[in-house]
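Reading through the structure tokens given below for one structure.
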Amino acid sequence: MRVATFNINGIKARRPRLDEWLAATRPDVACLQEIKTDRFPAEEYEADGWQVLWVGQKGFNGVAILSRHPLEEVARALPGDADDTQARWLEARVAGLHVACLYLPNGNPAPGPKFDYKLGWMARLAARARDLLAGEAPTLLAGDWNVCPTDADVARPEAMADDALCLPQTREAFRAILAQGWTDALRARFPHETVYTYWDYQAGAWARNWGLRIDHLLLSPAAADRMQDAGVDRDLRAADKASDHVAAWVELSPA
DNA sequence: ATGGTCGGGAACCGA
């Protein structure tokens with residue numbers, strides 16, 4: 001059972017790359033972020049055998065879950081703020097798993113209202129994550145977290161020190177969630193290696209390997225017990241018309 | 001220190 005997360009940075013521009021990747025890697029569940037549309041082509045994926053959940057908005061944000069197995073919607077928004085209309089959260093049950101697909105706010109510039117929104121969103125996420133750990137099902141929190149957990153996850157930490165992805169408050173909020181009992185799948189699989197999931201379009205970041213690790217899969221204890229492998233589909237970044245993110249994934253043993 | 005590049009959608013905002 002493979003569960004993957006991929007910030008595609010626009011379904012319209014990324015359709016060819018996304019479809020190639022789905023065909024080549026055949027994930028059981030694919031969590032997508034930044035679909036950037038209020039018109040996701042769900043019917044086309046359904047015609048191709050996928051079950052689809054999505055929540056979108058025009059131009060920005062937006063998340064989707066594609067699944068080869070029956071997919072039951074649990075939530076279309078992160079609890080805790082009825083006034084938050086940004087499309088950043090989907091939660092579903094699939095194949096005995098509980099899966100959340102998340103697009104955590106970027107938060108730049110910091111300080112400022114966008115950073116305040118990020119920290120507030122992370123506080124709501126921490127509350128939801130704690131509730132999910134109390135549930136029965138093995139659970140995954142997969143998505144673009146817009147958090148570099150440590151300087152080992154940043155190619156140029158000095159250049160990123162004041163960035164909302166790296167600030168101490170951001171890292172502390174992430175650590176607090178991990179400390180509830182979640183496993184950072186990629187870091188568990190690669191304890192000492194450099195692993196990036198994002199390279200900026202600017203300044204030749206890909207060619208210089210100026211990357212960040214900001215796409216994460218957090219596993220509940222029951223899910224972590226079933227982890228057989230984890231990885232990053234790094235070659236995605238080298239393609240023409242690539243997203244600035246690549247896909248990350250975990251392989252879980254059968255229940 | 002600055003500006004560098006994309007996507008969405010039609011002038012800039014977001015990243």
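In what follows, chains carry the letters A, B, and so on, assigned in the order in which the sequence lines appear, proteins first and then strands, with residues in each chain numbered from 1.
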Between A:W21 and A:D233: side-chain donor-acceptor atoms closer than 3.5 Å: yes
Determine the Euclidean distance between corresponding C1' atoms of B:dG4 and B:dA15; express it in Å to zero decimal places. 14 Å
Parallel, tilted or perpendicular: ring planes of A:W121 versus A:W89, cut at 30 and 60 degrees: perpendicular
Given a cutoff of under 4.5 Å between side-chain heavy atoms of I, L, V, M, F, W and Y, with clusters grown through shared members, what are the other residues clustered with A:Y201? none
Rounding to an integer number of Å, can you tell me how far A:L32 CG sits from B:dG7 P? 17 Å
With sequence neighbours left out, write down each residue that passes side-chain contact (heavy atoms from CB on, under 4.5 Å) with A:F60, or none if nothing qualifies. none
Tell me the interatomic distance from A:R208, atom CZ, to B:dT5, atom P, rounded to whole angstroms. 12 Å
Write down the distance separating the P atoms in B:dC6 and B:dT2, rounded off to the nearest Å. 23 Å
Between B:dG8 and B:dG3, how far apart are the C1' atoms? Round to whole Å, please. 22 Å
Looking only at side-chain N and O atoms, does A:Y45 offer a donor or acceptor that is under 3.5 Å from a partner on A:D19? yes
cation_pi(A:R68, A:W50) dist<6.0 Å, angle<=45: yes
Atom-to-atom span, CG of A:D240 to P of B:dC6 - whole angstrom: 11 Å
Nucleotide-resolved protein contact map, nucleotides 8-15 of chain B, B/S/- at heavy-atom distance under 4.0 Å: SS----SS
Rounding to the closest angstrom, what is the interatomic distance between B:dT5 and B:dG9 at atom P? 22 Å
